[in-house]
Amino acid sequence: MSTLAEKRFLLVTGKGGVGKTTVCAAQAVALAAKGKRVLVALCNSKERLSAMLGGRPIGAQIEQCIENVWAVNMRPDQALEEYGTLVLRSRALYRTLFDNRYVRAFLRAVPGMQEWSMLGKSWWHTTEKRADGSFKYDVVLLDAPATGHGLEMLRVPKVILEVVPPGLLRRDAERAMGLLQDPRTSAVVLVTLPEEMATTETLELAREISQMGLPIGRVVVNGLLPPLFSRLERQALESAAPFGISTRGDAALAAGRDRAIRERAQAQALERLSHALPVSPIFLPLLMQDAANPEAIRSLAKRV
């Protein structure tokens, strides 16, 4: 399997709160350092990427953030209009067909149409070319919704192929599905935490994605604690009977016991992930400072 730097489309997903946007930012900076032109597409999210990259706030129009990195925060209605205009090659024709309340109400009622508007738009940007014939963006990095909504988004092209008659929408869904399922051009990046619930959800998500025929290119375990104790030391600390805290020594022992419990849970999560996934995880450390700043992102970029 080719490296992520050789892909055209990367879709980053995982349980809510695991640090997907942080990983997107670090991956974008790492790819840009290799000379890749990267577009990061956000899905109508609370925008934090600009602070991570040290650029201007990111809105519904594509803006350059740093050298070789552009970003857009897609809004479903606007993404649908932009995608429709790109497909029809005429804003006037789009408005004639779609700019009335009945058609808009119908589109809002179609299952998955909002998801497709954002997935379809981000996919379309992988096909954009410059005047010299080269791709406008070498890599499109989609910061996908969290697990449940992320899966719904990935299922939409297949649903379109099953129910929509031949035409422009079906043609583009077929092209998008072909790109997504090709391990030479695309990969899903799963982000998780070294915790029991996040690990369980990640393993379920990996099974669902594999059943769709989509290649898992990377698993990122975020927020990894550096282990302080050996297995025997953890066992000794965890076996200590509950006690009151009256001295600094008591406080230190209690803190050590809490850390040992957390390290055990982390070790169990890492063991499950290493045995049950098709690719070996990579690890990002738990940062003691706020990760939403350019310095922290540059540090993480060296590890991805």
Side-chain angles (χ1 to χ4, degrees), residues 1-15 18 20 23-24 26-41 43 115-116 118-129 134-147 149-162 170-192 199 201-222 272-284 301 303-304:
M1 184 175 288
S2 57
T3 65
L4 294 191
E6 297 171 306
K7 310 293 186 187
R8 298 278 305 121
F9 191 83
L10 297 175
L11 188 144
V12 181
T13 188
K15 185 178 182 295
V18 297
K20 294 187 293 89
V23 171
C24 280
Q27 189 68 66
V29 169
L31 291 169
K34 293 178 179 290
K36 300 291 184 179
R37 295 166 58 86
V38 184
L39 173 64
V40 182
C43 292
E115 287 80 6
W116 171 249
M118 293 185 288
L119 179 60
K121 173 176 160 59
S122 56
W123 160 77
W124 189 87
H125 287 304
T126 70
T127 70
E128 277 192 286
K129 293 191 176 180
S134 63
F135 285 115
K136 187 173 182 179
Y137 306 106
D138 297 308
V139 184
V140 174
L141 217 165
L142 177 61
D143 186 355
T147 306
H149 288 110
L151 285 172
E152 287 178 16
M153 176 177 280
L154 289 172
R155 291 190 183 105
V156 169
K158 186 173 185 294
V159 172
I160 292 174
L161 294 178
E162 290 174 350
R170 183 184 176 94
R171 179 205 66 187
D172 280 357
E174 190 169 25
R175 291 176 63 194
M177 199 66 186
L179 179 88
L180 287 167
Q181 290 182 328
D182 189 345
R184 296 169 299 178
T185 56
S186 297
V188 177
V189 177
L190 300 180
V191 184
T192 188
T199 296
E201 192 162 320
T202 299
L203 296 179
E204 293 172 355
L205 178 59
R207 282 192 291 271
E208 293 273 359
I209 288 173
S210 296
Q211 288 170 5
M212 293 183 205
L214 304 180
I216 297 173
R218 173 165 291 176
V219 177
V220 180
V221 182
N222 194 23
R272 291 175 66 195
L273 290 167
S274 64
H275 284 88
L277 291 171
V279 294
S280 297
I282 69 164
F283 309 103
L284 296 182
R303 296 174 178 265
V304 301

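As the structure is a prediction and not an experimental result, all values here were calculated from the model. All heavy atoms count here, side chains included; hydrogens, waters and symmetry mates do not. Residues take their numbers from the sequence shown, with the count starting at 1.
In this structure, W116 and A173 approach most closely via the heavy-atom pair CH2-CA, 3.7 Å. Nearest heavy-atom pair, V304 versus A30, reported as atom, atom and distance to 0.1 Å: CG2-CB, 3.8 Å. For A26 against A301, the heavy-atom pair with the smallest separation is O-CB, 3.4 Å. A pairwise comparison of heavy atoms in V18 and N222 identifies O-ND2, 3.0 Å as the closest pair.
Interatomic distance, OH of Y137 versus CG of L31, reported as 15.0 Å (0.5 Å rounding). Here the straight-line distance linking atom CE of M177 with atom CZ of R170 works out to 12.5 Å at 0.5 Å rounding. Distance CZ/F9 to CG/D182: 13.5 Å, rounded to 0.5 Å. The OG atom of S280 lies 10.5 Å from the NE2 atom of H275; values are rounded to the nearest 0.5 Å. Rounding to the nearest 0.5 Å gives a distance of 11.5 Å between NE2 of H149 and OG1 of T13. Note: L273 CG to T199 OG1 = 4.5 Å, rounded to the nearest 0.5 Å.
Residues forming a salt bridge (charged side-chain N to carboxylate O under 4.0 Å, His left out) with R155 (at least two apart in sequence, or on another chain): E208. Applying the side chain to side chain donor-acceptor pair (under 3.5 Å) rule to E174 yields no partners; only residues at least two apart in sequence or on another chain are considered. For E204, there are no salt bridge (charged side-chain N to carboxylate O under 4.0 Å, His left out) partners, not counting sequence neighbours. Applying the salt bridge (charged side-chain N to carboxylate O under 4.0 Å, His left out) criterion to K136, with sequence neighbours excluded, gives E128. Scanning for side-chain contact (heavy atoms from CB on, under 4.5 Å) contacts around A206 gives L190, I216, L277, with sequence neighbours left out.
The side-chain heavy atoms of R303 and I282, taken from C-beta on, include no pair separated by under 4.5 Å. Counting only heavy atoms from C-beta outward, the side chains of F135 and T126 never approach each other to under 4.5 Å. Using a 4.5 Å heavy-atom cutoff, the side chains of K7 and T185 are not in contact. Looking only at side-chain heavy atoms (C-beta outward), C43 and M153 come within less than 4.5 Å of each other. Annotation: side chain of T202 is not in contact with side chain of V191 (no heavy-atom distance under 4.5 Å). When side chains are defined from C-beta on, Q27 does not count as touching V220, because their heavy atoms never get closer than 4.5 Å.
Of the residues listed (V38, L4, V40), the one engaging L10 in a side-chain contact (heavy atoms from CB on, under 4.5 Å) is L4, and it is the only one.
In this structure, the side chain of R8 does not engage the main chain of W123 through any donor-acceptor pair within 3.5 Å. In this structure, the side chain of E115 does not engage the main chain of L151 through any donor-acceptor pair within 3.5 Å. The closest donor-acceptor contact from the side chain of S186 to the backbone of L179 lies under 3.5 Å.
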Would you list the atom pairs, donor with acceptor, under 3.5 Å between side chains in residues 139-147 and any protein atom, with sequence neighbours excluded?
| unit_1 | atom_1 | unit_2 | atom_2 | d |
| --- | --- | --- | --- | --- |
| D143 | OD1 | K20 | NZ | 3.2 |
| D143 | OD2 | T21 | OG1 | 2.6 |
| T147 | OG1 | G14 | O | 3.4 |
| T147 | OG1 | K15 | N | 3.3 |
| T147 | OG1 | E201 | OE2 | 2.7 |

